[in-house]
Amino acid sequence: MVQVGDTAPDFTLTGTQGDEVREFSLSEFAAGRPAMLVFYVYDFSPVCADQLCELNDMEMLTFNDEIAVLGISPDGPYSHQQFINQNNLSYPLLTDEEKQVYDQYGMLEETIEGKRNQKRGIVLLDGDRTVRYRWVAEDNWASWNMEPLNEAYEVSQELGTADE
């Protein structure tokens with residue numbers, strides 16, 4: 001599991017940013033710029049929709065294209081396309097059906113029954129893919145609040161990527 005200060009592992013997942021379904025690699029998509037990985041449970045779940053829409057509306061994304069944002073869930077690319085279109089999202093959503101990237105980034109929890117459930121979380125990387133901020137939800141279904149995104153925004157300002 002990656003922690004603050006670790007180098008984030010590269011990955012390649014299928015995803016979409018609109019009509020086209022293609023492969024996205026962290027190293028190619030971010031290409032030396034800061035990146036925010038937003039792990040969420042499912043497209044169309046109320047808490048995740050709030051989280052992703054709030055992120056989309058943040059000034060950090062509206063006025064600053066220096067931060068690469070990737071949303072990650074186990075849902076398929078066609079569900080992602082519908083979700084992007086319905087919510088007018090400006091960043092790609094990727095499919096981690098096998099939950100391998102969730103596992104690499106410590107966004108899974110084991111249940112008593114032995115299931116691996118994904119967690120909501122945010123990981124902010126600098127241009128060298130060093131983890132600068134990490135947040136994992138204690139409860140996937142608790143109401144969304146902006147505190148983690150605001151904290152990530154503050155860290156992004158320290159990286160010199162936010163509007164000044």
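Panel note: side chain Asp96, backbone Val101; a donor-acceptor pair is recorded below 3.5 Å. At least one donor-acceptor pair under 3.5 Å links the side chain of Arg134 to the backbone N or O of Val2. Under a 3.5 Å cut-off, the side chain of Lys119 and the backbone N or O of Leu108 do not form any donor-acceptor pair. Judged by distance alone, the side chain of Asn87 and the main-chain N or O of Ile84 form no donor-acceptor pair under 3.5 Å. Between the side chain of Gln81 and the backbone N or O of Asp19, at least one donor-acceptor pair lies under 3.5 Å.
Between Glu147 and Trp135 there is no side-chain heavy-atom pair separated by less than 4.5 Å. With a 4.5 Å cut-off on side-chain heavy atoms, Ile67 and Ser156 count as touching. Counting only heavy atoms from C-beta outward, the side chains of Val131 and Val123 approach each other to under 4.5 Å. Looking only at side-chain heavy atoms (C-beta outward), Ser73 and Tyr42 stay at 4.5 Å or farther from each other. The shortest side-chain heavy-atom distance between Glu110 and Lys115 does not fall under the 4.5 Å cut-off.
If you check the side chains of Thr14 and Glu23, you find a donor sitting under 3.5 Å from an acceptor. Side-chain atoms of His80 and Asp43 include a donor-acceptor pair closer than 3.5 Å.
Counting only residues at least two apart or on different chains, the side-chain hydrogen bond (donor to acceptor under 3.5 Å, both in side chains) pairs with a member in residues 97-108 are Lys99-Gln118. Legend: salt bridge (charged side-chain N to carboxylate O under 4.0 Å, His left out) pairs involving residues 121-131, not counting sequence neighbours, sorted by first then second residue: Asp126-Arg132.
For Leu94, the side-chain contact (heavy atoms from CB on, under 4.5 Å) test picks out Phe11, Leu13, Phe24, Leu70, Ile72, Pro92, with sequence neighbours left out. The side-chain hydrogen bond (donor to acceptor under 3.5 Å, both in side chains) check on Glu113 picks up Thr111, with sequence neighbours excluded. The ring pair (Phe, Tyr, Trp, His ring centres under 6.0 Å) search around Tyr133 returns none, not counting sequence neighbours.
Residues Val21 make up the rest of the hydrophobic cluster containing Tyr78, defined by ILVMFWY side-chain heavy atoms closer than 4.5 Å, directly or through other members.
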